[in-house]
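Report on one structure; see the data block that follows.
Naming convention: chains lettered A, B, ... in sequence-line order (proteins, then strands); numbering from 1 in each chain.
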Protein chains: 2
Amino acid sequence: MKELEILNVYLAENGLNRTVQRESILNEFLSTERHVTAQELAELVRGRHPNLGYVTVFRALKLFAEAGLAAATDFGDGTLRYEHCYAHTHHDHLICGVCGKTVEFCSHEIERLQEELSRKHGFQLVGHRMELFGKCPDCAGKEQARKTIVAVRRRPGRGKDRL
Amino acid sequence: MKELEILNVYLAENGLNRTVQRESILNEFLSTERHVTAQELAELVRGRHPNLGYVTVFRALKLFAEAGLAAATDFGDGTLRYEHCYAHTHHDHLICGVCGKTVEFCSHEIERLQEELSRKHGFQLVGHRMELFGKCPDCAGKEQARKTIVAVRRRPGRGKDRL
DNA sequence: TTCCGTGCAAATGGTTTGCATTCCT
DNA sequence: AGGAATGCAAACCATTTGCACGGAA
């Protein structure tokens, strides 16, 4: 079963309609391998469908996420980035704070420890979010040591200087 | 050296001024043990200083963070929550998705694995963010199994239905 | 007496909603 | 036909900025 089919099943099950827009958005979404924002995807889609509105893309991404086709993450700059996740295994992200490159990884060991920790506190673990911030090999090469300040401590707002 | 002193040193070092407002905000901030948003803290402060503006609190919290007195985290609802972190050790959060209760924890083992993972990808680790979402003992007791849906998969926007 | 801080109001920007129109079924 | 989807504009809301005034150094 592939993505379009999944979507259609989800739509049918929930009494929602199939539309050209949703199909186009899904195609465009599936054909990018990056983490896209709604804005970015909307621009991509508009390449083929100039009058497809931003809001529609936004709503579609949310829908995809509900259907289990997309996963949203907020890397800390206040905007949601979506990646397609159907038939992908769970993973977390390693993010370069300089150039923004992301690497996906998965550590069963860490997940086991998280589970263990939750249990220790009586929590029933439902999900987690983990992002490692650092400098990628390229950027570490270019940039010499400066103040190595803290992506996590300084978590700026939604404004211009964010990230 | 305690917090007020740290702040004053930071202000002096950076050519900034000491003000009554900043001191009041710091006091109020230190006297709460929760993770406060700027809004919440502003309301607390206004108890004593009715004409102290929200923006000032906002700016003060940012300042505190720069001075190393506060740490900001975004639990995923798009609003920054500050906690005081001077002379506190680093920790991550375990968050109950039902009642919002948070537990702080620290796992050296996980941190070691994160370090190791980053190195494996050639990254120079600068910081991380990790939140575990689950159901706390109390809420797990009250609520019976329903759809155990994913705080991470479904990451809603900044609007009304968020969280 | 020169910046800095404050506080209001207005701007920003991602996200969401209202609503009239158009589309699926 | 009847509910759903679309698309525009307008609303929302946390955050940020502009600016005039009062305050610290």
A:Gly53 to A:Arg46 - nearest heavy-atom pair and separation: CA-NH1, 4.1 Å
Touch class at under 4.0 angstrom, heavy-atom based, for A:Arg22 against every strand present: sugar-phosphate
With sequence neighbours excluded, residues passing salt bridge (charged side-chain N to carboxylate O under 4.0 Å, His left out) with B:Arg112: B:Glu116
Those residues that, when tested against B:Asn14, pass side-chain contact (heavy atoms from CB on, under 4.5 Å) (two or more places apart): B:Tyr10, B:Leu16
Rounded interatomic separation in angstrom, taking NE2 from B:His49 and C1' from C:dG7: 16 Å
DNA chain D-proximal residues of residues 26-43 of chain B, any heavy atom under 4.0 Å: B:Gln39
Bending between helix ends of the helix from C:dT1-D:dA25 to C:dT25-D:dA1 [5 pairs per end, 10° resolution]: 20°
Partner set under ring pair (Phe, Tyr, Trp, His ring centres under 6.0 Å) for B:Tyr54, not counting sequence neighbours: B:Phe58
Distances under 3.5 Å between protein N/O atoms and the N/O atoms of nucleotides 20-25 of chain D, please, pair by pair.
none

Transitive ILVMFWY cluster of B:Leu132, excluding itself - 4.5 Å side-chain cut-off: A:Leu94, A:Val103, A:Phe105, A:Ile110, A:Leu113, A:Leu117, A:Phe123, A:Leu125, A:Met130, A:Leu132, B:Leu94, B:Val103, B:Phe105, B:Ile110, B:Leu113, B:Leu117, B:Phe123, B:Leu125, B:Met130
A:Gln21 CD to D:dA4 C1', straight-line distance once rounded to whole Å: 12 Å
Distance, rounded to the nearest Å, where B:Arg59 contributes CZ and D:dT17 contributes C1': 8 Å
For B:Gln21, all residues meeting side chain to side chain donor-acceptor pair (under 3.5 Å), sequence neighbours excluded: none
For residues 33-44 of chain B, which side-chain donor-acceptor pairs fall under 3.5 Å, sequence neighbours excluded?
{"residue": "B:Glu33", "atom": "OE2", "partner": "B:His84", "partner atom": "NE2", "Å": "3.3"}
{"residue": "B:His35", "atom": "NE2", "partner": "B:Glu83", "partner atom": "OE1", "Å": "3.2"}
{"residue": "B:His35", "atom": "NE2", "partner": "B:His93", "partner atom": "NE2", "Å": "2.9"}
{"residue": "B:Thr37", "atom": "OG1", "partner": "B:Glu40", "partner atom": "N", "Å": "3.1"}
{"residue": "B:Glu40", "atom": "OE1", "partner": "B:Thr37", "partner atom": "N", "Å": "3.0"}

Pairs involving residues 16-25 of chain B, ordered by first then second residue, that meet salt bridge (Lys or Arg N to Asp or Glu O under 4.0 Å) (sequence neighbours left out): none
Pairs touching residues 92-102 of chain A that satisfy salt bridge (Lys or Arg N to Asp or Glu O under 4.0 Å), sequence neighbours left out: A:Lys101-A:Asp138
Whole-Å distance separating the CG atom of A:Asn51 from the C1' atom of D:dA5: 14 Å
Listed partners of A:Lys120 passing salt bridge (charged side-chain N to carboxylate O under 4.0 Å, His left out), at least two apart: none
